[in-house]
Structures are given as C-alpha cells and as structure tokens.
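Note that ligands are numbered from 1 as they come in the structure, with each ligand's atoms numbered from 1 the same way.
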Amino acid sequence: MEGAPVALGGPRGFEVTRTLPGKQRRTVGAWCFLDAYGPHDLDRTGGMRVGPHPHTGLQTVTWLVAGEVLHRDSLGNVQEIRPGQLNLMTAGRGISHAEVTPETHSRLLHGVQLWVALPHADRDMAPAFAHHADLPVFADGGLAATVLIGDVGGVVSPAACHTPLVGAELTLRANAAASLPLRPDFEYAVLALEGAPVVEDTAVKPGPLLYLGSDRTSLRLSTASPARLLLLGGEPFEERLVMWWNFVGREHDEIVQMRLDWESQTPRFGSVPHYDGPRMPAPRMPLTRLVSRGRVR
Ligand code: MN
C-alpha cells in the first residue's frame, strides 16, 4: 500500500506519508490512521508545531525513532516524548492536545503518529493519557521487538487498549534472521522505518505499508544491514466508521455535533493550558453527507 504525501497545517508545513486509511484498505485491526514522518533535518524544515486540536472516538499513539515531541492536553498533561517511549492518548468522547518540537531538541525528527479506533462500547469513554517509558521486549535471533500495545510471544505491553490489538517496533541487527510469533486470528501489516529488511520473501523499504493479511502463526524477518520496522496487527475491525478531520464517529450527524462543539468551545474538548498560539479551526463540512465505511474499499 503506497502512502500519500500530506502537508500538515500550522505555521510551517510538515510533510508526512499517510498509509492508513489507504487506497485499498482503511484499517489493520483497529489501527485506522498511520502517518510516518522524517527523518527531517529541523535545521532545514523547522520543527513540529501542531496547535490545539480535538479528537474523539480514538486513541492516538505517538512513537519516535529520533528527536523529541512535547505533548500538552486538555487534561493538564505536559509530557515530552523520546525514542523508545509510548505516548497513548485516549480521546473517548473528547479531548484536545497540542504537539510541538521542544525548545531544546535534537537535529533530526523521525517518527509515526497512529490512531486506534475505539469500539462502539468504549468510544464515549472518559478521556485519558498515559506515558509508557519502559516497554517490554521480545527477543529472538538478532530481532528485538519492543511491544507498544498488546502481546508478542507472551511479552505484554502495559498500555491499555480496547480491542484485540498489537503494535511493536522491530529492530534487526545486521545479518539477523529471526522469526516473530503471530496470531492467526489477527491481520497484520508492517512499515519499514529504517534499512531494507526482508519480510517473508518481500524486500521492504520506508514508505509503503506491507499488508500481510491473517492466518499466519509466524513471520520470517531478515536483513543484511541494521533495520527497523513497525508491526501493526489486530482482530479485523468490523464496525463501520466515519472518519472526518480529527474525529472518528459512526454517522454524519454526530460528526456535525463534534465540529460544532469544537468551534463553539463547549466544555467537551476542554482547553490546552500554556500553549502559546491559536487553536486549530475545524475545516468546513463537505456539502454532501458523510458516509460510514468498512475496512476494505
Ligand atoms: Mn492529534
């Protein structure tokens, strides 16, 4: 699945490659959004500056390969995230946050931004935020899998999720040949972040998302030079979704209400304290009604 280049808003455009929702496939498990960015040289491109904006019906996952991002949210959390750490924000019925490059920062910024759709039963839950600096690792033959969410070979992440799901960063040493245990009832996809590893018999490189489907009990990984990948998986998510701007909902009218609540500054999304700059205005609604969509186009 090839990604599309997207320029994020803000005072400085910040280019990302969006592979979820994709042209053929909108979700992998409950993973419903994947932007990869960098490595950006911040001396040339300027840093990240995403002003206060709302979310609903999802969890956001921030994961960095290099650099730092400073998160602030309407619950009052202020958290700098660094490589190897997980920021997990659960929007539930409504939260707002801002993400910026901190004043003191590394030259390179490289990472991913993901969303997980909350299932119907939990989508209106109270918002929450968690920072996991110490994540467990599954290791095998030159492979180290840092478990962000879910379980890899019995190694379980402390992060809270609401559907059967897995997310892991896989690092491979030079000349590694390893096997990663998978669940046959999950569907999976991998995104190369660094290097040129081989997944089963397919050579991958940073950019496109490789969809692996389900019915696999293991995944063969090898590489000549050091490599890094992101593994996403989960039980196929069968609920139909309406995704519009930063909202995940089920039907047009509730998205209209979410947008109205943000624009009229009702208490639903709170406010982000100590952010120096304007909140992000919602785009106009399209002239046609938003239609809910399933996992495959
Ligand atoms: Mn966001």
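- Members clustered with W115: F33, L58, F237, L241, M243, V248, by chain and number, using a 4.5 Å side-chain heavy-atom cutoff among hydrophobic residues.
- For the Mn ion (ligand 1), protein N, O or S atoms closer than 2.8 Å were enumerated as H53 NE2, H55 NE2, H97 NE2, with waters left out.
- Side-chain contact between E80 and E68: present, with at least one pair of heavy atoms (C-beta onward) separated by less than 4.5 Å.
- Listed by chain and residue number, nothing satisfies the side-chain contact (heavy atoms from CB on, under 4.5 Å) test with T104 (two or more places apart in sequence, or in another chain).
- Side-chain contact check for Q257 and D261: at least one donor-acceptor pair (N or O, by modelled atom type) lies under 3.5 Å.
- Applying the salt bridge (charged side-chain N to carboxylate O under 4.0 Å, His left out) rule to R216 yields no partners; only residues at least two apart in sequence or on another chain are considered.
- The existence of a salt bridge linking R295 and E187 is confirmed by a sub-4.0 Å separation between a basic side-chain nitrogen and an acidic carboxylate oxygen.
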